[in-house]
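See structure below.
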Amino acid sequence: MRRVRTRFAPSPTGGLHLGGVRTALYSYLFAKHHGGDFVLRIEDTDRNRFVEGAEQYIVDCLNWCGIQADEGPHQPGPYAPYRQSERKDQYRQYAEELVKKGYAYYAFDTAEDLEQMREQYKSPGNPSPQYDRHTRKHMKNSLSATETQVKTWMDEGLPYVIRIKMPENETIIFEDMIRGEIHNESALVDDKVLLKADGMPTYHLAVVVDDYLMKITHAFRGEEWLPSAPVHIKLWEYLGWADHMPEWAHLPLILKPEGNGKLSKRDGDRLGFPVFAMDWKDPQSGELMTGFKEMGFLPEAFINMLAMLGWHSGEEQEIFTKEELIRKFSMERVHKGGARFDFEKAKWFNHEWIKHTDSSTLLPLVQPILEEKEIKEMNVDYLVQVISLVKDRCTLLNDFYTQSVFFFQSPTSLDLEAVQSKWNNEKANFFQVWSDELGQIQEWNAPAIENRFKELATIHQIKAGELQMPYRIMLVGGKYGPAVFLISEFIGVKNCQERIKHFLNVIGN
RNA sequence: GCCGCGUUGGUCAAUCGGUUAAGACGCCUCCCUUUCACGGAGGAAUGACGGGUUCGACUCCCGUACGUGGUACCA
């Protein structure tokens with residue numbers, strides 16, 4: 001039994017999409033479940049699409065998610081380098097080998113030639129003709145031209161690519177871990193370019209060569225790769241590596257919540273939720289795309305949510321730690337159909353995680369959020385207690401601000417509407433007295449404060465309940481938050497008195 | 001157009017021929033709480049369609065429809 005090795009092979013072209021993270025996650029969970037290795041490989045074979053900083057960003061995202069690679073550009077292992085651009089020299093020999101064996105050929109067509117071909121063979125029945133067994137004999141390549149002609153072109157330095165020569169008439173069958181047997185007719189698959197004119201491999205060649213060289217045993221990727229799988233199958237065969245071919249798993253797509261199509265970068269902005277794991281600022285346009293991290297997600301919740309989007313344990317449990325996911329994950333339980341992304345459910349996962357995470361663990365995450373809003377110099381023990389009091393009310397980490405400001409600062413606005421209709425002189429009177437009374441309380445704790453409050457209400461012949469809302473508005477500013485007497489205890493006498501006074505001033509005029 | 005893949009409530013989904021077709025999110029009602037949440041109880045809501053196979057089909061097969069992906073010197 002070979003040691004299980006999976007890889008995540010993104011191309012550094014921009015933000016890391018949620019679907020990408022899920023592919024990485026499943027690969028990681030599978031590898032770890034089987035005690036194997038998870039490899040990060042950067043597929044930067046397209047120099048035109050290279051984006052500065054994107055690689056580091058991908059690494060940062062995976063680290064934030066807790067999906068650590070055992071090998072990668074930053075943790076070189078025995079199969080280094082892990083960037084395809086740095087492996088450039090290796091690919092050519094395999095492409096040439098294929099040409100020698102007759103499984104591939106040189107093609108000298110220019111972009112214009114290709115365009116012309118598509119134009120020429122276009123018909124209503126075939127709107128996009130391919131470079132295949134029909135058309136290749138009319139093109140400028142080593143199959144249609146004589147050996148001497150090809151040599152002349154070579155000597156002239158004409159740019160050329162190497163294309164795979166797909167078999168004429170063969171049913172290509174392979175087993176997908178999720179979908180079972182997949183059949184394809186070779187006649188319908190085109191002669192994909194393997195080596196580009198600039199000497200770089202295309203994905204098709206690179207993925208096969210690198211998976212072989214890196215001893216990958218299980219290859220996970222998005223469903224969008226299914227149509228080109230036959231090319232890869234043939235390549236494994238032609239290169240003589242069929243016995244080492246990894247098992248394939250084509251993961252279902254993550255779809256838009258509404259409408260049709262797969263979830264794209266643009267959808268986030270449009271629908272008000274993130275699509276990227278972390279904030280991504282496009283270096284070209286300067287445009288900033290919000291990430292789940294910055295939106296206030298816990299990484300544990302994020303991967304938990306992604307794991308459940310397409311995989312199911314079969315039990316009723318939905319909240320899983322990474323360790324549990326590793327233990328329970330299996331390909332048999334990965335769903336075949338695409339899943340619509342539901343941000344409401346994503347928030348629910350985060351809420352669950354916030355509720356169940358220790359307040360002291362939350363502390364380092366909450367503190368910066370408050371500090372950013374100018375709440376500084378706070379006592380950490382006090383903050384931890386505040387967090388315990390309000391975390392049930394926080395769906396996103398950023399909610400901690402609204403839910404706990406009033407423990408640190410007087411409310412800047414008061415929801416007077418909440419009290420105005422029932423406000424009267426008697427109540428104003430009550431709070432005048434209450435303010436003084438607060439100073440008399442010996443044991444400063446919530447129960448004591450509450451008792452005194454109720455006693456005083458009785459004396460004033462007002463129902464205590466009717467006084468609690470105004471009191472809440474005084475302390476909090478709005479109709480929310482933990483018990484008022486608890487808040488009173490936390491903020492102390494002086495703050496209570498100040499806030500009462502301020503309220504009375506505001507409502508008085 | 002052609003090819004691949006898919007299809008259980010609005011969404012995520014369990015079921016691997018025999019169930020009153022789970023559960024979760026969201027929604028609604030009620031309880032708890034004179035706030036907001038949390039928590040608890042309950043409710044509405046599902047097998048795309050048509051043929052087979054079978055004693056029996058959500059489950060197996062075929063067709064149709066629909067969805068989705070691909071059809072680049074991008075991944």
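Values below: every heavy atom of this structure, side chains too, minus hydrogens, waters and symmetry copies. Chain naming here is simple, since letters A, B, ... match the order of the sequence lines and numbering starts at 1 in each.
Note on A:Ser128: a base of the nucleic acid sits closer than 4.0 angstrom, heavy atoms only.
The side chain of A:Lys345 contributes no N or O atom lying less than 4.0 Å from OP1 or OP2 of B:A13. Dashed line: the shortest gap from a side-chain N or O of A:Arg340 to OP1 or OP2 of B:G9 is not under 4.0 Å. Considering only side-chain N and O atoms, A:His204 lies nowhere under 4.0 angstrom from the phosphate OP1 or OP2 of B:C74.
Note that A:Arg163 lies in the cation-pi zone of A:Tyr131, set by a 6.0 Å cut-off to the ring centre and a 45° limit from the axis. In this structure, A:Arg22 is positioned above the aromatic face of A:Tyr26, its NZ or CZ under 6.0 Å from the six-membered ring centre and within 45° of the axis.
Using a 4.0 Å cutoff on non-hydrogen atoms, no part of residues 164-177 of chain A comes near RNA chain B.
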Polar atom pairs between nucleotides 19-22 of chain B and protein, under 3.5 Å, N or O only, would you list them?
none

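Each of A:Phe273, A:Phe276, A:Phe297 was evaluated against A:Phe292; a single residue qualifies, A:Phe297, per the ring pair (Phe, Tyr, Trp, His ring centres under 6.0 Å) test.
The residue among A:Ala339 and A:Glu185 whose nearest nucleotide of RNA chain B lies closer to the 5′ end is A:Glu185.
Closest to the side chain of A:Arg163, out of B:C73, B:C3, B:C5, is B:C73.
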Worksheet entry | Heavy-atom protein contacts under 4.0 Å, nucleotides 31-39 of chain B, coded B base, S sugar-phosphate only, - none | ---BBBBSS
